[in-house]
Amino acid sequence: MQARLEQWKQYLLTGVSHVIPFIASGGILIALAISLAPMTGKGPDFSHAPALKLIIDIGGSAFALLLPVLAGYISYARAGKPGLVAGMVGGQIAHTVNAGFLGALIAGLLAGWVVEQLKKMPAPKALKPLMPILIIPILSSLAIGVLMFEVLGVPIANLMVTLGVWLKSMGGANAMVLGALLGAMVAFDMGGPINKVAFFFGASMIAEGQYQVMGAVAAAVCIPPLGLGLATKLRKSLWTEQEREAGSAALGMGMIGITEGAIPFAASDPLRVIPTIVAGSALGGMIAMLGGVGDHAPHGGPIVLPVIDNRWMFALAIAAGVLLVAVTINLLKARAADRLPTAAPAHE
């Protein structure tokens, strides 16, 4: 059972790792164009800014590939190259029927399974060369297309709409809990499947006109790398030279909303680092949600500040989370260092 769960995790991580460049490039281009365009009561005005309109169209095109690429490479991880077509078709249908990231995840996993079964089918010798490049892609795309259009797509889309309505009705304590939960999810696996569930959820809510979910996520995503990077600067003696270098890189990645900057620290000391960054991001997400922070671009970190509603609260949410991470991890490392046995003096 454990081995099977690890396999499924690897499928999801493969999809996520291939989709990250699309998220980063598309999100940053969209944020850049929106931040430079004149703002009106109805949002950014691109009617007299053709260059900015071109930039946001390019960013939107990159971001539109998110679901097909995610589903395609989940399927690829399970079934190899023959799984790419069915996975991407399923991801594109998830986009078409508004099933969102959840639909793409399910489409990718199903596509990989269907292709696996088709690869086991006996085939005449003359047809074997055509199986991976023609027959399997056609049959698997047909199967996934039917499932997504006729069976799964609409219920998943309805679920996403229901979530959007529920979120719009939230307030007070419920909003605080949601912000903390999203923040914790973002930090827990630093760019892995749980992180991306929270991120894609926030991004999908932008299309529903609900910007506060993405606001909480945008504040939370940068807290782990910024907090750990700051920690290496505050008490350099607690960190090795390699860790201090990783801290500098983490600060840069945090500024552009790349949570993966925290991975080197979590990999070397997971029992202290992961709970610390989860607490920091949960705090940041909670403050952002309570402060009514809204993010109009599908990205996070300080780089999206120009397209944030309630910018001071956004900055406060990030600062609080970063300080919690930096101070806590240094205290934990100092206590661990104090417990280490002192080396006996060498005899003359």
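Any value given below was found using the heavy atoms of this structure, including those in side chains, with hydrogens, waters and symmetry copies removed. FYI, the numbering just counts along the sequence from 1.
- Using modelled atom types, no side-chain atom of Ser75 and backbone atom of Ala71 make a donor-acceptor pair closer than 3.5 Å.
- When the side chains of ILVMFWY residues are joined at heavy-atom separations under 4.5 Å, either directly or via intervening members, Val151 and Val114 end up in a single hydrophobic cluster.
- Considering all non-hydrogen atoms of both residues, Ala77 and Gln10 come closest at CB-O, 4.5 Å.
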Legend entry - Intermediate values then yes/no, side chain to side chain contact (heavy atoms under 4.5 Å, CB included), Ile329 and Val273: CA-CA 7 Å; Ile329 195 63; Val273 169; 3.9 Å; yes

Please table the atom pairs, donor to acceptor, closer than 3.5 Å between any side-chain atom in residues 222-233 and protein atoms at least two apart or in another chain.
residue: Thr232; atom: OG1; partner: Gly229; partner atom: O; Å: 2.6
residue: Lys233; atom: NZ; partner: Ser248; partner atom: OG; Å: 2.6

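- Atom CG of residue Asp57 and atom CZ of residue Phe46 lie 8.5 Å apart, to the nearest 0.5 angstrom.
- A donor-acceptor pair is defined here as one N or O able to donate and one able to accept, closer than 3.5 Å; such a pair exists between the side chain of Glu243 and the backbone of Thr240.
- With Thr259 contributing its side chain and Met190 its backbone, the two residues share no donor-acceptor pair below 3.5 Å.
- Other residues, nucleotides and ligands contribute more than 12 heavy atoms inside 6.0 Å of the NZ atom of Lys119.
- Smallest separation of non-hydrogen atoms from Gly83 and Val115: CA-CG2, 3.8 Å.
- Listed for the Asn310 side chain is a donor-acceptor partner under 3.5 Å among the backbone atoms of Gly291.
- Of all non-hydrogen atoms in Ala216 and Met289, the two that sit nearest each other are CB-CE, 4.1 Å.
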Legend entry - Steps toward side chain to side chain contact (heavy atoms under 4.5 Å, CB included) verdict (Met185, Leu181): CA-CA 6 Å; Met185 290 173 68; Leu181 176 62; 4.1 Å; yes

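- Atom CG of Leu70 is separated from atom OG1 of Thr14 by 11.0 Å, given to the nearest 0.5 angstrom.
- A distance-only check finds a donor-acceptor pair linking the side chain of Ser140 to the backbone of Pro137 [under 3.5 Å].
- Transitive grouping of hydrophobic side chains (ILVMFWY, heavy atoms separated by less than 4.5 Å) keeps Ile106 and Val154 in distinct clusters.
- For Tyr73, the ring pair (Phe, Tyr, Trp, His ring centres under 6.0 Å) partners two or more places apart in sequence, or in a different chain, are His18, Tyr76.
- Counting only residues at least two apart or in different chains, ring pair (Phe, Tyr, Trp, His ring centres under 6.0 Å) contacts with residues 223-248 comprise Trp239-Phe265.
- The closest donor-acceptor contact from the side chain of Asp295 to the backbone of Ala218 lies at 3.5 Å or more, if one exists at all.
- Checked by atom type and distance alone, the side chain of Arg244 pairs as donor or acceptor with a backbone atom of Lys236 at under 3.5 Å.
- Here the closest non-hydrogen pair linking Val85 and Ser141 is CG1-OG, 3.2 Å.
- Closest of all the heavy-atom pairs between Leu238 and Lys333 is O-CE, 3.2 Å.
- What you find for Gly112 and Ala79 is that their closest heavy atoms are O-CB, 3.6 Å.
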